[in-house]
Structure formats: structure tokens, C-alpha cells
Amino acid sequence: MLINIIRKKIWEGIKSIDLKSPPKSKIIVEYPKHKKFGDYATNIALSLSKKYKINPMTLAQKLAVSLSSDELFSKVNAEKPGFINFYISKKYLQNALKEINKQKVQYGSNLQIGKGKKVLIEFVSANPTGPLNVVNARAAAFGDSLANIFSALGFYVEREYYINDAGNQIDLLVESVESYLNIIANIDIEELDEGYKGEYIFDIAKQILEIEGPSFFNQTKTEKYKRIKDFALNSILIDQKRALDRFRVRFDNWISESELRQKGSIEDLLTYLSETGNIYDKDGAVWLSSSKFGDVKDRVIMRTDGSVTYIIPDLAYHITKYKRGFDKIIDILGPDHHGHIAKLKAGISILGYKASAMSFILLQQVNILANHKITKMSKREGNIITLQDLINEVGTDVARFFFLTRKPNTPLDFDIELAKKQSSENPVYYVQYAHARICSIKRMAISQGIKLHKFKKEYLMRLIHDTEIEIIRHLIKFPELIVHIGASNDVNLLTTYLTELASLFHSFYQKYKVINPKHKELSLARLYLCKAVRVVLFNGLNLLGISAPTKM
RNA sequence: GCGCCAGUAGCUCAGCAGGAUAGAGCAACGGCCUUCUAAGCCGUAGGUCGGAGGUUCGAAUCCUCUCUGGCGUGCCA
């Protein structure tokens, strides 16, 4: 990456100037906000000036002079307070296209970063009590794209979905279905007040009756419970998977809570916890001393009735993540799991695992706006907008892009009406259109006998206009951006980046003609530039899980 | 009460690995299709970055306080 090359050169420059001892501080190289300050800039002279008691400007000038002979730069300037601004030479930029077009789908990848380290990303993990909602959709888009980015950075990534198929909410689900069964069969007309109420519950009840017939009711209570539970869970999970599939999200692992419980992991965990001496009895319940490990207070882990609270199976589950040897464990959580993080971290520390290997990304809520008013959704009440609905309304590409333009921890108002109405003005189309345009140009070029295999690298000199150079400048930042996102999890920066690239390209398209049979060399050079833009648009969209159409 | 998140243009939001004149999209206004797709381009207008202090050569960005909104703070998951 260019940014690292520059860092290295600055470092060498510093050594060549006789400072008493070379500095240990990191060399920060950044993109200046304004073009007139060059392509890259460093504040190293400012940050070193204090330590060495030198005037920052003097130091900057010295460094600038020593670096300006490098052919990578057309100019190296020292500026006002003590910045050093680097202007990349046109020749370097022109030649950078070769690298992009050579690497193609690999461009932007950087396998050296992850070096095969194992990353586990758990996301969505919705309760199997109903269809996926819009927060789940946001999590799906975000988690999947983040996983794509980690893969591009050379990590070994697994996407994981944890199925909470045990606990109170499952009992409630079964009771809800049962009440509908009774209603359909005229055994009872009362709807369950506290139960889940969506149409899907009704459908499940109907299907059970269709399959089992009236003899269903002859079974014992426990038999019926098991029948309903198995059928309902299966049906809901299939539905969730189908929706995720349409959303282009595939999980590597589906981990079932009840299976974990069956394997005895809860008992093992409880035994281990009591051995560590971090649990105690109080008020007839068993408590975890989580407050000693950063939680705001101690938590009940076993109720007076002997059942365990949610934290225990979840902790048991998280231990498997460590045991499976992941170096980096990422949980993407919904807003309601906010209070859960401290407990989990405390538990992990108590058990002697490194809590620092875990990171939690909290997604804020998604409000659905209808008639410009927020509609409160509740799975219990069955009035949710599902992922399926969302895909039907706006499509996978739009929905994914929309979710990914926001950083995770800002709440997101999703105006369905607007998204539908403005679908032709949506930024995703803007980016996709740039891609489609390039494909269109390519088709036209071929039809006019201008073929890229006749391109020669000497033609690159013909790319001299600001707009052209500007595009290349942007293109070479792509790998740097992907690395940055891998470190910061700021997936939203990629959507911004692609929008900027599309904007530069549209501008170029408007200003210059690519195909001109009278100027074959120029045409081929521009075609080559287009190709590189297409590579980056394609790879970027691909990382976001969004299609790159060749025609629109 | 305590904790977390947010507060930036009329609206929705970027920017917050401290940097040099705070950005985009939508909405508004004015232009551009005989030429590779107008789902596009060019231009105009719009801001004391919630407020007050502090750290720094330098703060939208870091720290403290404060106001507003959301969420969490279950022997629910």
C-alpha cells in the first residue's frame, strides 16, 4: 500500500537527518482535507518538534528537501505550521492502474493482515419465535459485509448464528400455537393474551392440523408440547433461513442452545464456576460475583426454582467460541442486549478467558416510518415488518446498501414509503449505474473495434487531465480503506467511498469521451482507466454483498 | 439514581486513527441530452458541529461538567 511506502520513506528521511536518537512514535500519514495540500500529508515534524526542541517548520523543510528527490513524488512541500505535504507523481499514478487491472478481484485484498487468524462473527441470532425483523436485517447486512472484509484481509472467518431454542420464550411460543390450535378446532376460543400473535403462528397451527389431523388432540400434554415445539421451531427457522438466503447471507454455523444444554455444558459450567469461588447463595438463589469483574452488580445465575438464567447458557456458548480456537470473537448485538455485555465479559474473565479477544458491536434500533411516523413494532403483537417484507418492498441491494451507509451505533429511521418512492434516486443505484455505464462503454468499444488487448502501457501517459488523475488517486486508496475498516469495523466508510468513486467517474464520463476512433491510444488508455474503476466498484459492491449490474 | 449511545445544513446522515477553508444525498433554485445509458453532469443557496469549560502549536474529533432524546439497568431472553 502506498501509505506504508510513504511511511517508510519518511522514516528513512528522519534517520538521514541527524537527530540524536530516532523517534519511537508512530508516523502518521493521512489524506489532507484539501487537494491543494497534496495527496498525503504527515504531521511528523509537528509531533517531533517538541521532543527535540526544534522549530517544526525548520524540521519540516529539512525533511521535505530530503524526500523531494524521490521519484514517487512530484513535489514535497513543507507548509505553515509544519506539515509535510506529498504530491504523488503522475507517472506513479498512471502506472498504478496496471497493478489494479492485474490484480482484478484480488485488488483490495491484503492477506498479510489476517495471516489466517481465526475470526468468529456471531450475528442476527434472533429468537426462533418469529420471522426476522428489520433490526435483524441490519445485523445481517452489517455482519455479512464485515465478514467479507475480514476474509479479504486474510482472516479465516466463520459466520455464526446462535439459536435460542430453549427458555421461556419457547414455552410461550408453544402455548401461542396451541391456543390457535384450540381456536381452530373449536376447543377454546380464547386467544392467549400474552402470547405471540402474528399470522405466522396461525399458519403454523393450521399446518400442524393438516399434517396430524384431529388425532393430534388425543395426545398427552407433553407429547403435544414436543410436537408443536419441533414443528414450530423448524418452520420458523426454515423461514428465517429463506429470508437470509434472499438477503444473500449464509451462515457457516447454526448453534442450537438446546443442543448445548443436552451436551451437559451447563452443568460443567456451574461446576467450574463454583470451583473458582465466584458464585454464592443469597435469598435462595445462586449469584455470580460479576461486579468484581466490571459489571455494575452481581447477577442471579440460578433462580429459586433451580432453573438457570439466560447468562449461563450464553456463557457456556461463548466458552465454546474460545475453545474452538478463535483469535478474534465478534458479537453483533441488537440494542436490547446492551445490558448483557458487562455480564458476559465478567463471566468470561471469571472463567479465565481473555475478554479482550472479544468485541461487541451494538446496532441501534431501526424505526420503521409509515406516514412519517414511527410505528412501534412488537414481535409479540405480530405487527412487525419482516426481512421478507423489506426485500419485497425495496429489494436486497437497496436494503443492504441503506443499512450499511449508517454506522452501527446510530439509530436508523427507515422510511419504507420513501425508500420505495425514491428507489430510482437511491445512492445504491448511483454506484451501480457507474458500474453499468462502464460495462456499456466496453460493449461500445468492442463494437467499434477498440479492444483492450491492444493496450500498451506507454499509452498511460495520455491520462493527464485532473479528473482522470483524481480518479486514480481515489482508486489507490481502496486497499488502504479495507485495512482501515478491518481495524475499526466502520463498514459504512465503504459505501461512502464507493459513492465518491462513482461521483468522480460520472463526472469524468460527462466531461470526456472514452471512445474516439480517431485517437486510438487515448481511447485505449481511458478504457484501461474505466476497467480499473470497474474493478474497484465491483470489488467494493461485492464486499457489501450488493450486485454489480452490467446493464441498467 | 447509575450505565451506554446519539445530538453536525430544512430533512436523513458522513466526517470523530486530534490537523490546515466542516462534507454528501434528499428537498429548493438555475442550467446541460444530434456524440460511449440524463438512474447522469454543471452551478446557486444553505452551518457559531446542542451548550460551557479544559488539554494542545491546533478540537466537530480527546477530557470534565451540563442540557436534550433513545436504550439499558429482571430470579425475561
Side-chain angles (χ1 to χ4, degrees), chain A residues 26 28-30 32-34 36-37 41-43 46-47 49-50 56 79-83 85 127 129 164 166-170 172 257 282-287 295-297 299-305 307-311 313-314 334-342 362 364-365 367 369 372 402 405-415 418 422-434 436-445 447-448 450 484 487-488 490 492-493 495-496 499-500 502-503 505-516 523 526-527 530 551-552:
Chain A
K26 212 173 80 188
I28 295 170
V29 176
E30 60 192 2
K33 221 177 283 177
H34 295 278
K36 66 168 186 176
F37 295 128
T42 182
N43 61 352
L46 286 160
S47 58
S49 64
K50 213 195 300 178
E79 291 285 345
K80 284 174 280 177
F83 290 103
N85 298 330
N127 278 343
T129 53
N164 290 123
N168 290 341
Q169 82 279 9
I170 299 302
L172 189 63
E257 177 181 349
K282 195 182 90 180
D283 305 332
V286 183
W287 296 68
D295 198 356
V296 285
K297 58 181 186 182
R299 307 288 175 171
V300 169
I301 57 168
M302 192 185 283
R303 305 182 187 101
T304 36
D305 69 0
S307 63
V308 292
T309 58
Y310 176 58
I311 180 72
D314 205 37
D336 49 336
H337 279 66
H338 182 172
H340 190 60
I341 297 173
L362 268 181
Q364 285 304 317
Q365 68 189 103
N367 297 313
L369 298 180
H372 302 290
F402 202 87
T405 52
R406 266 77 168 172
K407 58 185 174 187
N409 54 12
T410 42
L412 162 57
D413 290 341
F414 203 116
D415 191 329
L418 206 70
Q422 294 192 329
S423 61
S424 64
E425 292 155 15
N426 195 295
V428 67
Y429 291 107
Y430 186 77
V431 176
Q432 288 179 320
Y433 186 51
R437 259 187 165 168
I438 293 170
C439 296
S440 172
I441 293 170
K442 190 184 164 193
R443 272 179 246 123
M444 181 60 72
S447 77
Q448 302 211 3
I450 298 173
H484 173 60
S488 67
D490 293 333
N492 58 297
L493 296 181
T495 59
T496 312
T499 308
E500 283 164 359
S503 169
F505 177 75
H506 286 310
S507 194
F508 160 78
Y509 175 89
Q510 205 72 28
K511 214 164 164 184
Y512 304 106
K513 207 140 159 55
V514 175
I515 301 163
N516 187 341
S523 298
R526 286 188 175 155
L527 213 49
C530 289
K551 211 182 266 184
M552 280 174 78

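Please read all numbers here as calculations on a predicted model, not as lab measurements. Letters A, B, ... are given to chains in the order of the sequence lines, protein chains preceding strands, and every chain is numbered from 1.
Residues satisfying the side-chain hydrogen bond (donor to acceptor under 3.5 Å, both in side chains) criterion with A:Asp490, sequence neighbours excluded, are A:Ser488.
The partner of B:G43, taking Watson-Crick or G-U wobble pairs whose two distances both stay under 3.5 Å, is B:C29. Look at B:G1: its Watson-Crick or wobble partner, with both distances under 3.5 angstrom, is B:U73. Across every strand in view, B:A60 sits unpaired, with no contact that passes the Watson-Crick or G-U test at under 3.5 angstrom. Nucleotide B:A6 forms a pair with B:U68, judged by Watson-Crick or G-U wobble geometry with both contacts under 3.5 Å.
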Report all interatomic pairs (protein N or O, nucleotide N or O of nucleotides 19-23 of chain B) with separations under 3.5 Å.
from, atom 1, to, atom 2, distance (Å)
B:G19, N7, A:Asn43, ND2, 2.9
B:A20, OP1, A:Lys33, NZ, 3.1
B:A20, OP2, A:Lys33, NZ, 2.6
B:A20, N6, A:Asn85, OD1, 2.8
B:A20, N1, A:Asn85, OD1, 3.1
B:A20, N1, A:Asn85, ND2, 3.1
B:U21, O2', A:His34, NE2, 3.1
B:U21, O4, A:Lys36, NZ, 2.2

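In this structure, the CZ atom of A:Arg406 is 20 Å from the P atom of B:G70, given to the nearest Å. The nearest whole Å value for the distance from the CD1 atom in A:Ile341 to the P atom in B:C5 is 10 Å. In this structure, A:Lys513 atom NZ and B:U34 atom C1' are separated by 12 Å, rounded to whole Å. Across the protein-nucleic acid pair, A:Asp490 atom CG and B:C13 atom C1' stand 14 Å apart, rounded to whole Å. Remark: P of B:G40 and CE of A:Met552 are 9 Å apart, rounded to the nearest angstrom. Rounded to whole Å, atom C1' of B:U37 lies 9 Å from atom CD1 of A:Ile441.
More than 90° away from 0 lies the glycosidic angle of B:C5, which makes this nucleotide anti.
The shortest side-chain heavy-atom distance between A:Lys442 and A:Cys439 does not fall under the 4.5 Å cut-off. Within the 4.5 Å cutoff, side-chain heavy atoms of A:Ile515 are placed close to those of A:Ile441. For the pair A:Phe505/A:Phe508, a side-chain contact is recorded, criterion being any heavy-atom separation below 4.5 Å from C-beta on.
Base engagement by A:Val514 is indicated by at least one non-hydrogen atom pair under 4.0 Å involving a base atom. If you check every strand for non-hydrogen atoms under 4.0 Å, A:Tyr512 touches a base.
Looking at the side chain of A:His506, the nearest of the listed nucleotides B:C41, B:A77, B:A14 is B:C41. Comparing B:A39, B:C41, B:C36 against the side chain of A:Ser507 picks out B:C41 as the nearest. Considering only side-chain atoms of A:His337, the nucleotide from B:C75, B:G70, B:A77 that sits closest is B:A77. Among the nucleotides B:C41, B:A39, B:C75, the one closest to the side chain of A:Trp287 is B:C75.
In this model, a side-chain donor or acceptor of A:Thr304 finds a partner on the base of B:C75 within 3.5 Å.
For the pair A:Phe508 and A:Val308, both in contact range of RNA chain B, the more 5′-proximal nearest nucleotide belongs to A:Phe508. Residues A:Ala502 and A:Thr410 both approach RNA chain B. Their nearest nucleotides, taken by heavy-atom distance, put A:Thr410 toward the 5′ side.
A:Arg437 has a side-chain polar atom (N or O) that falls below the 4.0 Å cut-off from OP1 or OP2 of B:A38.
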